[in-house]
A.B. asks: 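Sending over a structure as structure tokens; questions will come in a sec.
The analysis underlying the following values was restricted to heavy atoms, covering all of them including side chains, and did not include hydrogens, waters or symmetry mates. Each chain gets a letter, A, B and so on, in the order the sequences are listed, and its residues count up from 1.
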Amino acid sequence: MLPLNHDKYSWYQILFLPIFFNGILTVHLPVVGGLLSAHLLSKKAGVEVEVGWPCSGPLLRMAEEAARKLLPAFQTPTGMPYGTVNLLHGVNPGETPVTCTAGIGTFIVEFATLSHLTGDPVFEDVARKALKALWKNRSDIGLVGNHIDVITAKWVAQDAGIGAGVDSYFEYLVKGAILLQDKELMSMFLEYNKAIKNYTKFDDWYLWVQMYKGTVSMPVFQSLEAYWPGLQSLIGDVDNAMRTFLNYYTVWKQFGGLPEFYNIPQGYTVDKREGYPLRPELIESAMYLYRATRDPTLLELGRDAVESIEKISKVDCGFATIKDLRDHRLDNRMESFFLAETVKYLYLLFDPDNFIHNDGSVFDVVITPYGECVLNAGGYIFNTEAHPIDPAALHCCRKRKEEQWEVEDLMREFYSLKKNKKFTLKRASDHGEGERAKDPEDAPSEKGGEKRNFKKSSHSLLSCPSQSFNSKLAVLGQVFLDNT
Amino acid sequence: YDQCLFSYQGQGRNPKKSLFLVILCSVATSNKSVTKDVTMPAKLPVNFFSTRSPVIDLFRGQLDYADHLRQDSEIVLYFFYAPWCGQSIAAREEIEHVASRLSDQVLFVAVNCWWNQGKCRKQKHFFYFPVIHLYHRSFGPIEYKGPMSAVYIEKFVRRVMTPLLYISSRSKLLDFLSNYEPGVLGYFEFNASPQPPGYLTFFTSALHSLKKDYLGTIRFGVITDKRVAEEISLVRSGSVYLHRHVNTSLIYPNDIMNYTAENICKWALENREMLIRWLRPHGGKSLLLNNELKKGPALLIFIPYNPLSEIHPLLDEITKVALEYHNCNKSQAAEPDLQHLGDTDSPAFDSSVPDAHMKLSETFSITKYPCCNTVVLPQWHSISRTHNVCELCINQTLGVKPNKVHVPHCNFLEIEAALDSFYLQEHTFFQVISNTIECSNFLSFYSPFSYYTACCRTVNRHFLSFISSEKTIFQTPKVAFSSHGKKGNTQHSIPHIEDRNCFIPDLHITGTNITGLSCRTNKTLNLYLLDSNLFWIYAERLGASRSTHLKEFAAIVDLKEEVHYVLDQNRSLVGPTLENFIKNFSILYSPLKRHLVDDPSVHFHEQRVITEVTTNTFHDTVFLSEKNVLLLYYAQWCGFCASLNHIFIQLARLLPPDNFTVARIDTTQNDLPWEFMTDRLPTILFFPHQRKEQSVKFPEDISVNLPNLLKFILHHSRLSSSEPCTKECLHKETVLQQGHISHLEREIQKLRSEISALHQAHDQLEAQLSEARREEHRLQQQKHALEKQHKTLQLHSERLQATYDQKNQELLEMAEKLQELADASENLLKENTLLRILVASREGRLQSKDEIKESLQSEQTLSEENDISVSTATATLEEKRIDNIDTIETEHSSGNRTE
């Protein structure tokens with residue numbers, strides 16, 4: 001087990017103890033993500049941090065230790081990890097090689113953060129390798145299934161969709177691309193997105209299809225799929241996101257919650273799958289969308305969620321899982337994600353001034369032995385358990401000395417007396433690939449960037465489209481068809 | 001995260017089968033949970049409405065009782081709710097409000113349609129809550145789908161109560177017909193039988209229309225008086241008439257269609273005239289606006305509307321404009337309505353007419369000023385929301401003296417020239433925010449002989465009606481003049497003049513007329529009304545001010561062109577302004593400017609590192625500033641923008657603030673002129689100083705980081721500075737160097753703090769090191785102690801070994817002794833057997849001597865005694881043996897322990 005005998009960090013033990021109890025044998029990402037997030041927020045929370053923070057600290061060391069325990073799982077022929085790893089002995093000999101897609105693709109945010117903070121690239125490398133292996137094994141029509149054998153790379157469950165089993169894979173492609181400004185991850189997601197739109201999207205619902213043939217296998221909506229609109233809004237597909245969200249909201253209005261499975265053609269729950277364990281996904285999407293549209297409908301969902309939680313699930317010692325949405329029977333359990341995610345997102349939905357929503361107008365400057373860092377400037381990336389990670393921190397520790405020197409050289413250039421034109425050349429030679437081709441465009445006669453933009457058909461993958469004109473009126477349930 | 005919610009075992013070809021499999025597996029996995037079967041039923045339903053409420057609350061869903069109740073009342077409203085539902089909770093108050101007003105005529109029944117033990121849940125299947133059903137006697141259910149607001153609900157209930165309006169007189173008829181909503185009239189003679197034939201059908205069709213069209217835009221009326229009926233040329237009892245304002249009205253074709261409620265309703269819906277429509281989005285997903293706005297440009301008029309109020313003067317005025325606008329063939333039918341509207345309905349209009357006349361008389365007294373024009377300064381420039389109004393007059397100092405005989409002193413060209421000069425000098429005026437009139441003179445740009453006087457002042461919206469009429473005064477002569485040779489339209493090509501053309505009614509014929517404009521223009525507008533009490537958010541989105549207390553707003557939205565125009569909010573929303581707005585949109589060179597919505601919540605912060613630009617400050621910050629400007633287009637929701645924040649903050653902190661501005665604009669909140677719009681976010685533009693028009697875009701395929709940005713800026717800010725060095729240049733360089741010095745100072749400071757951080761880290765490390773050393777020392781001591789202990793232990797073990805050997809020896813000895821004992825016991829056993837044999841032989845002998853009893857009496861007793869002694873001897877022997885074994889065992893185990 002992880003060392004817990006530091007008396008100094010008892011507060012941390014209290015925070016994370018439940019996870020250790022649950023995961024004596026199987027520890028997934030929650031530990032690493034939670035530790036990293038707590039590490040990065042510890043200063044804001046008023047904890048006295050050590051001098052090397054955010055590049056060192058007790059929580060970071062623990063996160064690293066925990067992550068190292070997970071590394072043996074990645075030692076497979078394909079690079080895709082096992083689903084379960086014993087923290088003491090590594091992978092059990094009889095361990096099943098079948099892992100769900102999300103279990104393979106949900107590492108990049110935590111592991112890349114860890115690599116950037118500690119300087120050890122091994123974490124990011126294994127996470128990337130796993131993502132690439134999944135990408136390589138997608139079907140001809142560009143979809144991925146639900147479960148795969150990590151030894152043979154054969155798809156065991158061939159249902160393709162956006163919900164259970166794959167959800168956080170897509171989520172992490174986007175969030176990884178944003179966090180790391182990584183075009184490769186984004187291009188993967190955009191390809192998937194195209195295939196998903198082509199094969200699984202019907203009338204703003206997303207169904208389950210066979211991953212090779214694209215035929216519909218289950219016409220259901222899963223509660224877990226409700227994260228999708230939030231993800232779409234992050235990459236600027238706000239109108240599609242809103243349309244899908246409004247579909248999901250109708251299901252909520254019918255039951256006062258989202259059943260695990262909802263049969264779309266029948267308009268009712270699916271047998272044995274009618275529970276609602278107070279999942280956060282729809283509220284999460286509402287929070288993201290509210291940032292983008294300020295549509296009061298989203299606050300209405302928040303109100304409905306508060307009413308439902310209060311009226312239906314509140315019991316003496318907590319908030320119980322709704323066992324059956326048809327009659328609101330309660331189960332004898334409260335899920336951890338209720339407190340960690342549902343309540344958090346709900347709070348953030350109603351608190352637009354929260355520091356998490358910081359738009360970059362305020363920030364902290366931290367002096368580390370490695371240089372000066374700008375931190376807490378907003379743009380927090382939530383990992384899949386709603387632990388926020390500050391993207392600025394990633395650029396804080398790994399800032400190589402060369403970059404710093406380069407910046408200093410450039411600053412000297414700013415103040416230099418000589419008006420030399422050497423500089424143009426220098427710039428062109430500095431960015432290797434494809435830069436030279438664009439050189440003529442930098443000629444002073446070129447007027448404005450806008451014109452050039454029309455000539456080029458492709459645009460940067462790491463950007464969102466501007467919102468269309470009709471988005472001004474796309475509130476209170478109004479949606480607009482194609483924005484051409 | 002719970003990704004592996006269900007696991008698959010296999011994939012069936014049949015989709016149903018695979019679904020089944022999935023469920024099976026997932027059940028199997030969920031069975032693991034120990035607490036699985038412990039569930040708690042939902043809480044029992046409780047009262048939803050208070051017991052004192054006029055609403056009967058059937059919170060156990062007693063639908064049968066609800067049906068029973070219905071028999072007692074003519075009008076019943078059912079409110080089906082779910083107790084957990086936010087909408088139901090929000091609507092509860094509204095329903096209670098309506099109930100308190102109508103409880104004597106309408107029965108209000110609330111039914112909990114969620115509780116699964118209740119009748120309602122078992123019989124009805126709703127997809128949303130609350131659901132409102134109305135019954136008019138046996139007719140129903142009529143579902144109410146309108147806004148969940150008390151006034152609207154009450155209005156609807158009232159319409160269900162009296163679906164037919166009784167038209168008793170001519171004036172009531174005119175009232176009915178003049179309404180903007182389509183009207184259906186039926187003529188029935190009530191003298192013959194208790195109910196004339198067809199009346200019931202007509203009545204039902206009125207109810208039916210409420211079912212179809214919850215907004216209730218078709219009004220149904222009934223005429224009983226023959227003379228009144230003749231007004232609309234209905235002679236036969238039982239005929240049904242659909243009134244239309246622009247097209248000819250229709251009479252229900254009894255011979256073609258069957259006379260049924262459904263058919264009448266359908267016929268009316270299909271043939272009604274929609275001059276102006278209410279838009280009431282219901283809040284759920286809908287394509288309403290999409291469908292309406294895709295039809296073409298639309299004029300959206302936001303007015304506060306109370307459906308319960310009897311008179312709507314503003315609405316009547318708008319209706320009049322709409323009618324005029326659509327009145328293409330100038331049909332006479334529209335005339336009486338219009339007159340009627342003008343006569344009775346709108347007091348505003350009544351008062352405005354004499355008002356205008358009064359102003360007209362004033363006109364001639366004021367025209368002693370040679371040649372003037374009033375200009376309202378455009379919104380774009382004004383910092384505050386108040387209006388600057390300038391009165392622009394032409395004074396000719398030389399040349400031809402103005403002719404004082406004729407009223408039009410100045411010609412159109414002169415005014416135009418004056419305006420041009422005025423707009424060029426405009427910036428000198430717009431600082432004026434005071435109530436006093438300030439005048440200033442400036443020279444003409446075209447003629448050396450004239451100068452112009454501009455007297456400006458600030459007015460708020462209360463003055464505007466006055467000013468608009470005042471403007472008319474100066475306008476009048478000009479229109480008369482220009483109508484000679486030019487088309488009235490061309491004058492609108494001059495910016496801002498749209499503000500002054502408030503025509504006097506008499507001049508209608510000469511100017512652009514709104515009557516029938518919809519047919520003459522190729523930019524036909526669809527007119528829509530929205531209740532600003534409910535849908536003000538759309539107005540805000542289009543740029544209506546958030547602070548205004550009067551929620552009136554009008555905007556023309558052209559979805560195809562992606563533009564919208566806004567009627568100046570400082571002008572009151574009255575007929576003439578609306579007419580002008582429409583006219584200005586329709587003419588060829590429209591003077592309307594695309595409205596740019598900006599973010600009013602942004603305030604200028606000097607201390608911010610990154611300047612936040614809005615629509616209003618864009619021009620000043622980017623083009624008027626003397627600095628190089630790097631502008632970032634972003635949106636808060638775009639993930640790719642937000643994660644760049646820290647880079648721009650760093651950049652802004654690095655660049656010398658005297659020469660560079662790092663700015664950004666939130667494109668979601670702020671519109672910009674087309675040429676500055678971008679289609680992707682984030683976009684980075686650089687506007688070099690002195691060449692602001694030659695903006696450059698940061699290449700999209702280069703990653704955005706600090707060195708790249710610096711190179712980009714450096715590259716583009718350098719290009720022009722190759723001119724020979726002058727004094728000015730030298731001065732600049734000194735400034736630059738000073739900047740450099742301060743930059744280096746900052747740098748030094750940073751390094752110092754870094755050093756101190758390093759020192760701290762060093763100290764910390766040292767502390768850790770000494771701690772470690774101490775630890776090491778301690779460990780060493782511990783080691784010594786342990787070694788000592790080890791030694792003693794070793795000694796101890798040696799000693800133990802010795803004792804063990806000794807014990808072993810003893811054991812061996814014992815074993816020998818035991819062996820001896822065993823041997824002895826064996827001997828004893830042998831003896832024992834011998835004895836037994838002896839006894840046996842004796843017994844044999846005894847038996848043989850049995851016959852000779854008397855002689856052998858004494859011998860027998862002796863043998864018995866012997867027997868007993870033998871047996872006791874054996875027993876003692878055996879006991880001894882067991883004891884021996886025990887001692888061996890115990891010793892053995894003790895030996896073990898010592899080992």
Side-chain angles (χ1 to χ4, degrees), chain A residues 51 100 102 157-158 164-165 178 217-218 233-234 236 246 253-254 256 272 291-292 303-304 307-308 311-312 323 327-332 359-360 363 367 369 372 374 377-379 384-385 391-392 406-407 410 415 419 427 444 448-449 459-460 462-464 466 469 472-473 476-478 480-481, chain B residues 1 3-5 8 11 15 19 23 27 35 38-42 84 86 116 127-128 281 283-286 289-290 537-538 541 562 636-640 642-643 645-646 649-650 667-668 679-681 695 697 699-700 702 706-707 710-711 714-715 719 721 736 740 750 753 757-758 760-761 764:
Chain A
V51 185
C100 62
Q158 302 186 343
I178 292 172
S217 60
M218 286 191 292
S233 87
L234 269 182
L246 289 167
K253 283 180 182 166
Q254 193 180 345
K272 309 277 186 202
R291 264 192 209 175
R303 176 201 65 189
D304 288 359
E307 291 287 356
S308 274
K311 294 244 155 65
I312 302 167
K323 175 88 179 165
D327 58 5
H328 289 171
R329 202 145 43 86
L330 299 178
D331 206 345
N332 188 15
D359 63 350
F363 57 90
I367 304 279
E372 188 192 72
V374 170
T384 190
E385 281 85 31
E406 199 181 348
V407 169
L410 289 165
Y415 294 110
K419 314 290 176 194
R427 177 184 171 251
H459 50 74
S460 170
L462 300 176
S463 64
C464 309
S466 295
F469 173 73
K472 284 187 201 304
L473 295 171
L476 296 181
Q478 292 304 307
F480 288 84
L481 295 178
Chain B
Y1 179 73
Q3 332 99 325
C4 305
L5 178 81
Y8 285 76
Q11 178 63 31
L19 183 71
I23 292 159
V27 173
T35 55
V38 187
T39 62
M40 192 172 93
W84 45 265
N116 64 328
F127 282 91
Y128 55 86
K285 188 180 180 181
S286 110
L289 285 180
N290 177 69
I537 183 166
Y538 292 113
R541 290 281 175 136
E562 303 202 338
Q636 219 215 322
W637 43 267
C638 175
F640 302 106
S643 61
N645 284 344
H646 65 103
I649 291 167
Q650 272 175 314
T667 53
T668 317
D679 57 342
R680 302 296 298 183
L681 300 169
S695 61
K697 185 176 174 185
E700 277 178 338
I702 294 177
L706 205 49
L710 281 173
K711 279 175 202 158
L714 211 46
H715 177 62
L719 288 167
S721 47
L736 197 67
H740 193 187
K750 225 191 310 179
S753 53
L758 275 171
Q760 271 183 323
Q764 202 180 328

A.B. asks: I'd like to know which of S233(A), A377(A), S466(A), P391(A) tops the heavy-atom pair count under 4.5 Å against chain B.
C.D. replies: S466(A)
A.B. asks: Taking all heavy atoms of A757(B) and all of I367(A), pick out the closest pair and write down the distance.
C.D. replies: CB-CG2, 4.0 Å
A.B. asks: Of the non-hydrogen atoms in Q478(A) and L289(B), which two are nearest, and what is the gap between them?
C.D. replies: OE1-N, 2.9 Å
A.B. asks: Atom CZ of R680(B) and atom SG of C464(A): how far apart are they, to the nearest 0.5 Å?
C.D. replies: 7.5 Å
A.B. asks: Between S308(A) and chain B, which part of the residue has a heavy atom less than 4.5 Å away: side chain, backbone, both or neither?
C.D. replies: both
A.B. asks: Find the distance between CD1 (I702(B)) and OG (S460(A)) and round it off to the nearest 0.5 Å.
C.D. replies: 11.0 Å
A.B. asks: Please answer whether the main-chain N or O of V51(A) pairs with a side-chain N or O of Q760(B) as donor and acceptor at a distance below 3.5 Å.
C.D. replies: no
A.B. asks: How far apart are the closest heavy atoms of Q650(B) and E372(A), and which atoms are they?
C.D. replies: NE2-O, 4.2 Å
A.B. asks: Enter the distance from T668(B):OG1 to K472(A):NZ here, rounded to the nearest 0.5 Å.
C.D. replies: 9.5 Å
A.B. asks: Please determine, among D327(A), D359(A), I312(A), L234(A), the option with the most heavy-atom pairs under 4.5 Å with chain B.
C.D. replies: D359(A)
A.B. asks: May I ask you to name which of A642(B), A761(B), G284(B), G86(B) has the most heavy-atom pairs under 4.5 Å with chain A?
C.D. replies: G86(B)
A.B. asks: Got a second to check how far N290(B)'s CG is from L473(A)'s CG, nearest 0.5 Å?
C.D. replies: 10.5 Å
A.B. asks: I need the F127(B) CZ to Q254(A) CD distance, nearest 0.5 Å.
C.D. replies: 5.0 Å
A.B. asks: For each of R291(A), R303(A), E307(A), tally heavy-atom pairs with chain B at distances under 4.5 Å, and name the one with the top tally.
C.D. replies: R303(A)
A.B. asks: Hey, what do you get for NZ (K711(B)) to CD (E406(A)), rounding to the nearest 0.5 Å?
C.D. replies: 4.0 Å
A.B. asks: At their closest point, which heavy atom of S643(B) faces which heavy atom of I178(A), and how far apart are they?
C.D. replies: OG-O, 3.4 Å
A.B. asks: Hey, which of G360(A), S463(A), G477(A) has the most heavy atom pairs under 4.5 Å with chain B?
C.D. replies: S463(A)
A.B. asks: Side chain from CB out, backbone as N, CA, C, O: work out which of these in L681(B) comes under 4.5 Å of a heavy atom of chain A, or both, or neither.
C.D. replies: both
